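Side chains are part of it too, since the values below use all heavy atoms of this structure and drop only hydrogens, waters and symmetry mates. We name chains A, B, ... by the order of the sequence lines, and we start the count at 1 in each one. Predicted, not measured: the structure shown is a model, and the values here were computed from it.
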Amino acid sequence: MKFEHTKPYEDWFWEKNRIDLCFDHVENIQFENKLIRLRSGQSKTYDKLVLATGSVPNRYDWPGQEANGVISLYGLQDLELLEKYSSTTKRAVIVGGGLIGIELAEMLRTRNIEVTYLVREPYFWANILPTEEGEMISKHMQQDHHIDLQLNSELKQIFSDSNGRVEAVGTTKGERIPCELVGITVGVRPNVEFLKNSDLEIERGILVNEFLETNIPDVFSCGDCVQHRNPQAGRKAVEQVWYTGRMMGECLGETIAGISTPYIPGVWFNSAKFFDIEYQTYGEVPAKLPNDMSDFYWQHPEKKASLHFVFQKESEVFSGINSFGIRLRHAVLEQWIKEQKTIEYVLTHFRDAWFEPEFHKNYSHEIIAAFNQKIGSNLKVETKSWKRILSHIKSATYGH
Amino acid sequence: MVCLWGLKFILKYRHSRYHIWRTVVLMICQLFLAFLIPEILEGLNQEQAYFAKDLKFFWPLNYYFFEDWHLNAMAEGGSMGMFYLVWGIALFLLVTPILTYFLGKRWYCSWVCGCGGLAETAGDPFRHLSDKRLSAWKLERWLIHGVLVYIFVVTAVVLYGYFSNQSQIFGIDIYTWFRKPYGFLIGAAFSGVIGVGFYPLLGSRVWCRFGCPLAAYMGIFQRFKSRFRITTNGGQCISCGNCSTYCEQGIDVRWYAQRGQNIVRSSCVGCGVCSSVCPRGVLKLENGPEQDRINDKPILIGRDDVRLL
């Protein structure tokens with residue numbers, strides 16, 4: 001796979017759709033004159049402006065962080081740097097136990113580079129994942145992919161040699177780890193620095209209302225650079241994932257085209273891949289279970305596959321699921337959560353949600369047997385129904 | 001060839017039971033149907049004139065099926081010849097439409113076929129070289145359906161010659177102007193030289209995509225009357241492009257996936273690799289009700305605002 005393959009559309013797409021791509025840097029924006037000054041000296045005017053400036057990787061002022069060989073993993077330029085340093089790297093240290101760090105680890109392992117992974121928390125991605133899943137992924141990294149995972153450990157400083165190239169890192173535990181590459185993957189923050197001395201209201205990100213309007217007329221914003229003034233209950237003001245960015249873009253596209261559309265994210269979902277293990281999540285699966293919620297965790301005895309069901313303790317209403325190594329049908333899960341199905345309903349109809357490739361084993365029977373054993377019930381698996389699946393897809397995609 | 005490279009393919013895709021099953025069936029079909037059984041039958045009936053005894057090799061892919069020498073050989077081949085004649089016609093008229101309705105054309109193209117088998121196994125390392133441009137798709141539709149029309153015309157003329165005992169039609173020689181050019185242009189040059197020889201330049205399925213008349217015939221069913229589709233999983237696509245990159249048929253799978261639309265395309269051979277390389281579990285090859293199979297005004301799942309119909 002090459003860079004060309006990552007382009008979502010062919011090059012003629014933009015002109016054909018009357019989109020004038022202009023590759024330049026914005027120096028400043030005069031909102032009162034609706035004028036944008038570019039680095040090349042050119043300027044552009046606008047009727048409506050969308051600020052979709054994205055985010056920049058965080059760095060927390062560690063001593064030595066400017067050394068050669070300290071990289072982030074965000075854009076093409078980072079990838080080029082990674083390629084450049086990889087050939088002279090025997091061991092790399094990654095800082096930050098989240099989605100980007102583990103992707104970087106996987107990339108480095110494909111070049112047979114030894115990886116030491118510093119994770120501040122007691123297990124991988126502990127602020128999102130419950131213990132069971134976090135430990136499964138930690139184990140997968142260590143045993144199957146030979147990552148030197150250092151838990152409860154933070155970066156303290158970076159040492160470089162006389163050429164300015166990284167030669168080691170120091171950790172908060174007082175260890176010194178020799179390495180030639182340091183990957184900093186400790187989250188991102190809105191890319192708004194160049195807008196800060198303007199009339200635009202900015203806190204952590206560009207402040208927007210539910211129509212993604214900023215405080216300045218005809219100026220909108222969407223994506224990673226945004227901070228919502230009134231986030232929905234249970235949602236964050238700065239929510240930087242692919243899917244929210246995409247959905248904000250959809251809404252704003254409609255609004256600017258003349259159909260005012262508020263950004264109202266629906267049932268939470270996300271996905272990732274941790275080396276060999278795919279991950280999908282739907283609804284609410286807190287890392288630490290609150291008192292009014294109950295859960296049921298099933299893990300395959302040998303394979304790297306698990307499901308974590310979470311439901312309300314009193315009403316038994318299904319609230320969310322984490323799925324590892326098993327593909328599930330988005331529309332079905334979304335509708336189950338919206339329609340407040342009970343955990344019994346979810347388990348008995350689980351074949352409707354199964355999205356694994358044909359000929360792959362369906363574990364519905366094993367899962368329900370484990371649940372029956374746990375709570376002494378006698379639930380049985382219903383056969384898959386296309387009628388139910390299609391009705392879920394219909395209500396998921398065509399409004400309510 | 002198919003058996004050896006098939007083993008390599010199985011090793012590479014060992015985590016997918018779909019690929020294991022598919023490749024094992026492919027290997028069995030090549031070993032027994034294409035090679036051993038015809039060889040044995042040929043050995044047992046040496047005094048008889050040759051006719052094609054590969055049970056899965058039928059018109060219009062087998063372009064000489066209705067040529068006079070082949071029809072005569074089958075007619076003289078006793079009950080076995082008769083069986084092959086009836087079987088060949090039934091495959092085209094009955095078995096293919098029915099199986100394609102229930103399973104999509106993959107039942108043949110990536111589970112049974114010899115050309116397909118070679119492309120799936122020996123051609124696997126070249127699958128990403130297929131042309132993904134819209135212009136290639138436009139060319140594909142003209143070429144493959146052109147070949148389909150061509151073989152229909154050639155066969156109609158050949159059958160006219162057979163039943164009327166003439167070697168000319170409207171004063172034009174049937175062999176020189178119909179049989180020979182098709183055999184040379186399509187049978188040898190296109191399917192053989194370009195189709196296989198150009199794997200490292202054009203990707204593994206050039207013949208299947210641009211030329212095969214049987215693929216075109218099944219493609220029409222797959223597009224308009226079939227239960228097969230590749231389902232796109234709600235709003236989970238991240239536009240990474242793996243699916244499009246590794247589609248050997250040059251389908252821009254991502255174009256559909258990132259807008260939540262199911263993939264219903266006449267050219268899809270159902271190899272299943274797009275689903276395997278997807279890092280987010282977005283694609284699933286499946287057979288289901290025809291209702292809502294084609295959702296060409298899709299809306300991605302995820303938002304709760306009032307939606308437009």
Original post:
By side chain to side chain donor-acceptor pair (under 3.5 Å), which residues pair with A/Glu366, not counting sequence neighbours?
Top reply: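 Per chain and number, A/Glu366 pairs via side chain to side chain donor-acceptor pair (under 3.5 Å) with A/Lys361.
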Original post:
Can you list the residues that meet the side chain to side chain donor-acceptor pair (under 3.5 Å) rule with B/Asn233, with sequence neighbours excluded?
Top reply: none
Original post:
For chain B, which of A/Trp12, A/Phe359, A/Tyr263 has the most heavy-atom pairs under 4.5 Å?
Top reply: A/Phe359
Enter the distance from [X]:[atom1] to [Y]:[atom2] here, rounded to the nearest 0.5 Å.
{"X": "B/Asn262", "Y": "A/Ile393", "atom1": "CG", "atom2": "CD1", "answer": "7.0 Å"}
{"X": "A/Glu358", "Y": "B/Leu285", "atom1": "CD", "atom2": "CG", "answer": "6.0 Å"}
{"X": "A/Lys394", "Y": "B/Asn295", "atom1": "NZ", "atom2": "CG", "answer": "10.5 Å"}
{"X": "A/Glu278", "Y": "B/Arg280", "atom1": "CD", "atom2": "CZ", "answer": "8.5 Å"}

Structural part of [X] lying under 4.5 Å from a heavy atom of chain B:
{"X": "A/Glu250", "value": "both"}
{"X": "A/Lys2", "value": "neither"}
{"X": "A/Lys384", "value": "side chain"}
{"X": "A/Tyr243", "value": "side chain"}

**OP:** Could you list which of residues 269-276 of chain A have a heavy atom closer than 4.5 Å to any heavy atom of chain B, in residue-number order?
**Re:**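 A/Phe269, A/Asn270, A/Ser271, A/Ala272, A/Lys273 fall under the 4.5 Å cut-off.
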Original post:
Are any of the side-chain heavy atoms of B/Thr231 and A/Arg329 separated by less than 4.5 Å?
Top reply: yes
Original post:
Do A/Tyr282 and B/Gln236 have side-chain N/O donor and acceptor atoms under 3.5 Å apart?
Top reply: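 Side chains of A/Tyr282 and B/Gln236: pair found under 3.5 Å.
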Subject >> Neighbours of chain A found in residues 246-259 of chain B - heavy atoms under 4.5 Å >> reply: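 Residues of residues 246-259 of chain B touching chain A at under 4.5 Å: B/Tyr246, B/Arg254, B/Trp255, B/Gln258.
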